[in-house]
Amino acid sequence: MAADPAPVPAASQPAPVFSDDQAQAWDALAERLTHAGIRLIEEETDAPDSDAPGSVMAIIGKAGSGKTMLLSELTRALIKAGVEIVTPDYEARRRRDMRRLAILAPTNKAASVLRGRGVPATTIHRILYTPVYDPEYEKIAEWLAGNGPRPVIADLGESALDRAQAFYEQVKSIPGALAAAGLRGSDFIKGWKRRDEPLDVGFVDEASMLDARQFDDLCEIFQTLVLFGDPAQLAPVGQSGEMVFDRLEAGQKLTLSRIHRQAQDSPILDLAHALADPALGFEDFEALVRDAARRDERVVWAQRVEADLMARSPVLVWRNVTRIRLIHAFRAAHAAPLDALLPGEPLICDGLELPLKHRRKRIDLEARGLIKGAQIIYLGPGRRPGFSRLHVIGAEEPQVSVASIVKIEREGEEEPMIPYAANMGAAFLHGAAVTIHKAQGSQWPDVQVFAPDLYAAARSNRSEAGLPLWKRLAYVAITRAEKRLHWVVRNRLARPSGGLRTDDLAAPAAPLTLSGSPDAY
């Protein structure tokens with residue numbers, strides 16, 4: 001199992017230096033938490049009060065304004081105050097006086113970005129549903145969590161328990177510890193149940209991606225909810241340009257406006273913030289991109305799409321027709337057959353095609369990361385007809401074998417080509433190119449933005465929530481780049497330098513196999 005980095009103890013970190021707006025946001029949130037019975041300065045907590053009124057606040061700011069830093073420091077302060085972190089792996093029996101915090105993101109990729117920075121985040125879905133453990137192995141989980149004696153397990157020796165304990169002392173992961181003892185996920189997780197009790201404090205990153213239904217569910221579950229979002233991103237499809245934090249009163253929203261020194265040193269973020277100028281036209285913006293490319297290698301004025309990058313970071317486009325053309329060019333460049341996938345081809349989960357009676361299996365698949373929009377790498381056919389072996393990017397246990405319905409859309413044709421099709425299961429589209437909407441919440445070291453599509457958006461004169469659509473698209477697209485932005489200005493594809501690969505994908509200690517017949521899901 002790929003272990004998540006544990007939160008860095010505050011003592012080993014230099015004291016954070018907050019900007020004025022961050023300090024004001026911290027003070028406001030600390031006051032709100034004090035009303036909820038969590039005092040950060042005194043590092044004290046009161047027992048939770050289920051009758052206390054709920055509260056919602058939002059921290060909003062553009063890329064580089066320090067939202068993630070503030071979230072991280074608040075998490076550290078809550079841990080120092082004795083607040084317990086809720087994880088999707090296992091929940092020990094709850095003490096009545098225990099305060100709890102969950103850090104959530106809408107997608108696996110967004111959660112993994114936070115985990116890479118030492119914040120123990122998970123997806124919204126995996127907090128809504130909790131695993132049901134085999135009663136025998138649950139004794140190990142309770143022992144590791146400090147709520148029970150060292151158990152005696154008939155099919156596990158003392159050395160196996162020692163390995164589990166040693167792992168848990170290093171990484172606070174119950175599934176990881178059980179895997180270290182020689183157990184597979186299918187041995188100790190017997191199913192999933194919807195959470196039937198409220199939670200305490202929730203931090204939600206990438207809140208601009210939330211739709212109204214998700215927001216309402218989170219408000220129902222959490223007594224204190226804090227949203228972190230970027231108002232310059234694209235609103236969820238079907239919400240008329242409105243984001244959920246737009247529904248909040250002015251006193252519930254705190255804005256971070258200062259761009260920090262480390263952000264100001266980034267030419268990518270300079271370009272993102274230049275889009276706020278209402279007088280800036282598309283041609284003016286491209287001139288800024290070209291000038292940045294002359295001065296800094298982190299911006300590339302690209303004459304063609306690089307096929308080598310598409311296998312791990314998709315080309316970002318606006319139009320579906322562009323997406324389909326680039327996918328076919330990528331597959332042709334790798335000599336991929338029409339009726340099969342090559343190991344290493346990227347996919348995007350397009351949802352689950354399951355009838356309502358298979359609700360439990362749907363929860364099982366989604367809990368393992370197969371949610372709409374998840375990024376996947378195809379590893380090869382499964383052992384059973386209709387199954388595929390997959391690597392779920394950003395998932396805590398990334399390897400699964402699952403009944404698959406893979407669709408490769410064809411230009412000018414309504415019906416896609418389907419190289420793999422179980423009767424029902426997880427549905428996938430090809431992932432060498434994706435729309436900018438679907439890219440929200442994700443980041444890649446190198447990002448290729450297909451500029452001709454943004455030019456088409458500019459020519460359409462469309463707007464969203466009072467801003468030109470092309471500017472929102474450009475802002476989201478270029479802020480997906482962690483290290484290098486490739487601004488592609490021609491409809492050309494560079495041939496790959498080698499074949500597709502899978503050896504660079506980290507594997508968990510015990511890959512999960514979702515058991516059952518192909519017709520089951």
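- Between Ile127 and Leu199 the shortest side-chain heavy-atom distance falls below 4.5 Å.
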Please evaluate residues Arg213 and Asp211 with respect to the criterion salt bridge (Lys or Arg N to Asp or Glu O under 4.0 Å), reporting the C-alpha separation (whole Å), side-chain torsions for both, the decisive distance (0.1 Å), and the verdict.
CA-CA 6 Å; Arg213 181 177 178 181; Asp211 59 34; over 6 Å; no
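- Side chains of Phe428 and Ile405 form no contact here, defined as non-hydrogen atoms less than 4.5 Å apart.
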Evaluate the side-chain contact (heavy atoms from CB on, under 4.5 Å) criterion for residues Phe203 and Leu74: first the C-alpha distance (whole Å), next the side-chain angles of each, then the deciding distance (0.1 Å), finally the verdict.
CA-CA 10 Å; Phe203 292 168; Leu74 282 165; 3.9 Å; yes
Can you check side-chain contact (heavy atoms from CB on, under 4.5 Å) on Val449 and His486, steps first, answer last?
CA-CA 6 Å; Val449 179; His486 300 252; over 6 Å; no
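- Considering CG of Leu114 and CD1 of Ile103, their distance stands at 8.5 Å, rounded to 0.5 Å.
- Thr479 places a side-chain N or O within 3.5 Å of a backbone atom of Val476 that can act as its donor or acceptor partner.
- Checked by atom type and distance alone, the side chain of Tyr475 pairs as donor or acceptor with a backbone atom of Ala63 at under 3.5 Å.
- Residues Ile59 and Leu227 form no side-chain contact, since every pair of their non-hydrogen atoms from C-beta on lies 4.5 Å or further apart.
- Side chain of Arg323 to main chain of Ala433: no donor-acceptor pair is present (N/O by atom type, distance under 3.5 Å, no hydrogens or angles).
- Residues Ala177 and Leu144 share a closest heavy-atom pair of CB-CD1, 3.7 Å.
- The number of heavy-atom neighbours closer than 6.0 Å to CG of Asn491, taken from other residues, nucleotides and ligands shown, is 12 or below.
- Applying the side chain to side chain donor-acceptor pair (under 3.5 Å) rule to pairs touching residues 327-337 yields Arg331-Glu345, sequence neighbours excluded.
- Taking both residues in full, the closest heavy atoms of Leu248 and Phe215 are given as CD2-CZ, 4.1 Å, listed atom of the first, atom of the second, then distance.
- Screening Gln375, Arg484, Glu482 against Trp444 for a side chain to side chain contact (heavy atoms under 4.5 Å, CB included) leaves a single residue, Gln375.
- Residues Ile376 and Cys349 share a closest heavy-atom pair of CG1-N, 4.3 Å.
- Shown here is Arg319, whose CZ atom has more than 12 heavy atoms of other residues, nucleotides or ligands within 6.0 Å.
- At least one donor-acceptor pair closer than 3.5 Å links the side chain of Arg472 to the backbone N or O of Glu464.
- Heavy-atom minimum distance, Val489 versus Pro452: O-CG, 4.0 Å.
- Taking the side chain as every heavy atom from C-beta outward, Val204 and Leu210 approach each other to under 4.5 Å.
- Note that the CG atom of Leu316 and the CG atom of Asp453 stand 10.5 Å from one another [nearest 0.5 Å].
- Taking the side chain as every heavy atom from C-beta outward, Phe330 and His430 approach each other to under 4.5 Å.
- Looking at heavy atoms from C-beta onward, Ser388 lies in side-chain contact with Tyr378 at the 4.5 angstrom threshold.
- Closest approach of Met209 and Gln214 over heavy atoms only: O-OE1, 4.0 Å.
- For the pair Gln448 (side chain) and Glu306 (backbone), a donor-acceptor distance under 3.5 Å is present.
- Nearest heavy-atom pair, Val434 versus Pro314, reported as atom, atom and distance to 0.1 Å: CG2-CG, 3.7 Å.
- Under 4.0 Å is where a charged nitrogen must lie from a carboxylate oxygen, and between Lys139 and Asp134 no such pair does.
- Checking side-chain atoms of Arg480 against main-chain N and O of Ser442 turns up a donor-acceptor pair under 3.5 Å.
- In this structure, Arg495 places its CZ atom where only 12 or fewer heavy-atom neighbours from other residues, nucleotides or ligands lie under 6.0 Å away.
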